[in-house]
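Data first, discussion second: the structure below is written as structure tokens.
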Amino acid sequence: MDNQAGGAKPVAALLVVDMQEDFCPPNGSLAVAEGRDVVPLINSLLALPSFALKVATKDWHPANHISFAANHAGKQPFVDTCTVVNPYNALESYETRLWPVHCVQDTPGAALLPELDEARIDRVIEKGIDARVEMYSAFYDPLRSPRVSDSGLADMLKAAGITHVYVVGLAGDYCVRSTAADAHAEGFVTYVIDEATRAVDAEAWSRCKAEIEASGVRVVSRDSPEVKQLFGEV
């Protein structure tokens with residue numbers, strides 16, 4: 001772990017993003033290829049005493065969520081987009097990709113994977129609850145003037161004295177990426193562990209990783225010093 005200014009001891013958190021049934025084969029409605037394959041590494045990270053806080057996130061959408069193609073006449077998942085307008089400020093908007101219906105509240109698809117070692121997770125954050133906005137990040141939606149949804153994650157991490165954040169889970173090019181970017185923006189030294197995530201668009205993952213690193217987040221491997229020291233290997 002990088003040392004903090006002034007020699008203060010780093011305090012790390014693990015963010016396990018959206019390891020849910022709908023994002024994984026064989027039956028997920030928005031299954032990410034090889035999504036379940038990252039669970040053993042994530043469980044090994046959850047077992048470590050190196051993390052002062054271990055947080056899992058869940059997409060927790062209402063059935064009428066704006067990101068579902070089924071809620072837009074004539075539009076198709078993966079192909080089409082829609083414009084999200086800030087419900088409190090019509091001048092602020094962004095474009096979002098449309099998806100199959102997934103992770104609807106209180107459905108089996110929204111459940112965390114049974115093989116995930118949930119007993120070692122300290123807190124579970126539910127996100128994407130407001131039907132009016134997309135929320136890839138575990139922190140908040142991308143609207144700013146004003147913000148519509150805030151999970152309280154930033155305050156939780158700061159209250160725990162966290163300085164370093166490690167992000168794993170699904171999917172690397174969407175929720176993991178956005179969560180890591182916001183962690184960095186909140187002032188945390190932030191890492192994405194490459195082998196502990198998978199991307200929706202796997203062929204574009206190399207380019208996506210370069211973009212993530214350009215934002216100030218570091219994408220590191222299981223064999224990097226930043227991860228090996230968590231396991232006490234350096």
Side-chain angles (χ1 to χ4, degrees), residues 11-63 65 99 101-129 135-140 149-162 164-172 174-180 182-183 188 190-200 220 222 227 230-232:
V11 182
L14 179 67
L15 302 185
V16 181
V17 176
D18 297 0
M19 291 302 298
Q20 295 166 268
E21 287 287 0
D22 267 344
F23 291 128
C24 291
N27 300 315
S29 62
L30 183 42
V32 177
E34 302 179 352
R36 294 188 112 92
D37 293 359
V38 303
V39 174
L41 177 52
I42 292 175
N43 280 345
S44 69
L45 291 162
L46 285 169
L48 297 175
S50 307
F51 295 106
L53 188 63
K54 301 162 187 176
V55 179
T57 76
K58 297 168 66 175
D59 263 3
W60 197 246
H61 297 314
H65 197 259
W99 305 106
V101 175
H102 64 277
C103 297
V104 173
Q105 297 170 8
D106 297 312
T107 64
L112 292 173
L113 298 180
E115 60 265 43
L116 185 69
D117 193 355
E118 190 174 353
R120 295 185 183 273
I121 293 168
D122 300 309
R123 296 287 299 273
V124 177
I125 293 283
E126 294 170 350
K127 64 186 182 68
I129 298 172
M135 187 173 170
Y136 292 137
S137 170
F139 288 87
Y140 27 66
S149 296
D150 187 329
S151 71
L153 178 57
D155 290 340
M156 182 192 304
L157 295 173
K158 290 173 183 177
I162 299 301
H164 290 57
V165 169
Y166 289 76
V167 188
V168 299
L170 302 173
Y174 285 92
C175 294
V176 167
R177 176 182 184 168
S178 295
T179 297
D182 284 343
F188 304 105
T190 306
Y191 306 101
V192 171
I193 301 178
D194 196 3
E195 295 90 340
T197 188
R198 295 290 187 273
V200 172
V220 295
R222 165 62 180 86
V227 177
L230 296 171
F231 288 90

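- Side-chain atoms of His61 come within 3.5 Å of backbone N or O of Gly128 as a donor-acceptor pair.
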Inset, instruction - For the pair Phe231 and Arg222, evaluate side chain to side chain contact (heavy atoms under 4.5 Å, CB included) and give the outcome as yes or no after the intermediate values. - result: CA-CA 10 Å; Phe231 288 90; Arg222 165 62 180 86; 3.6 Å; yes

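- Looking at heavy atoms from C-beta onward, Met156 lies in side-chain contact with Ile125 at the 4.5 angstrom threshold.
- Judged by distance alone, with hydrogens and angles left aside, the side-chain atoms of Glu126 form no donor-acceptor pair with the main-chain N or O of Trp60 at under 3.5 Å.
- In this structure, the side chains of Thr179 and Tyr136 stay at 4.5 Å or more apart for every pair of heavy atoms.
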Inset, instruction - Could you go through the side chain to side chain contact (heavy atoms under 4.5 Å, CB included) check for Tyr174 and Val200 one step at a time? - result: CA-CA 8 Å; Tyr174 285 92; Val200 172; 4.0 Å; yes

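- Put simply, the side chain of Phe51 reaches to within 4.5 Å of the side chain of Leu230, judged on heavy atoms.
- For the pair Ser151 (side chain) and Lys127 (backbone), a donor-acceptor distance under 3.5 Å is absent.
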Legend entry - salt bridge (Lys or Arg N to Asp or Glu O under 4.0 Å) between Lys58 and Asp18, worked out: CA-CA 5 Å; Lys58 297 168 66 175; Asp18 297 0; over 6 Å; no

Legend entry - side chain to side chain contact (heavy atoms under 4.5 Å, CB included) between Cys175 and Thr57, intermediate numbers included: CA-CA 10 Å; Cys175 294; Thr57 76; over 6 Å; no

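- Side-chain contact between Leu153 and Leu15 is present, with at least one heavy-atom pair separated by less than 4.5 Å.
- Listed here is the closest heavy atom pair of Ala183 and Val165: CB-CG1, 4.3 Å.
- For the pairing with Val16, the side chain to side chain contact (heavy atoms under 4.5 Å, CB included) check across Val55, Leu45, Leu112, Leu46 returns one residue only, Leu46.
- The existence of a salt bridge linking Arg36 and Glu21 is confirmed by a sub-4.0 Å separation between a basic side-chain nitrogen and an acidic carboxylate oxygen.
- At a threshold of 4.0 Å, the pair Glu34-Arg198 counts as salt-bridged, since one of the basic side-chain nitrogens sits closer than that to a carboxylate oxygen.
- Ser50 approaches Ala12 most closely through the heavy-atom pair O-CB, 4.0 Å.
- To the nearest 0.5 Å, atom NZ of residue Lys54 and atom CG of residue Asp122 are 6.5 Å apart.
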Inset, instruction - Go through the steps for Thr197 and Val167 under the test side chain to side chain contact (heavy atoms under 4.5 Å, CB included), then give the verdict. - result: CA-CA 9 Å; Thr197 188; Val167 188; over 6 Å; no

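- Inter-residue side-chain proximity for Leu53 and Leu157 is flagged as met; some heavy-atom pair is nearer than 4.5 Å.
- Side-chain atoms of Asp22 come within 3.5 Å of backbone atoms of Cys103 as a donor-acceptor pair (strictly under, hydrogens ignored).
- Annotation for Glu118: atom CD does not count as buried by contact number, only 12 or fewer foreign heavy atoms lying within 6.0 Å.
- Rounded to the nearest 0.5 angstrom, Phe188 CZ and His164 NE2 are separated by 11.5 Å.
- Taking every heavy atom of both residues into account, Ala180 and Thr190 meet most closely at O-CG2, 3.6 Å.
- Although no hydrogens or angles enter the test, the distance criterion places no donor-acceptor pair under 3.5 Å between the side chain of Asp182 and the main chain of Ala154.
- Put simply, the side chain of Met19 does not reach to within 4.5 Å of the side chain of Val168, judged on heavy atoms.
- The CZ atom of Arg120 lies 9.0 Å from the CG atom of Leu48; values are rounded to the nearest 0.5 Å.
- When all heavy atoms are compared, the tightest approach of Pro25 to Ala31 is N-CB, 3.7 Å.
- Residues His65 and Val101 have side chains not in contact (no heavy-atom distance under 4.5 Å, counting atoms from C-beta outward).
- Distance check: Ile42 CD1 to Ile193 CD1 gives 8.5 Å after rounding to the nearest 0.5 Å.
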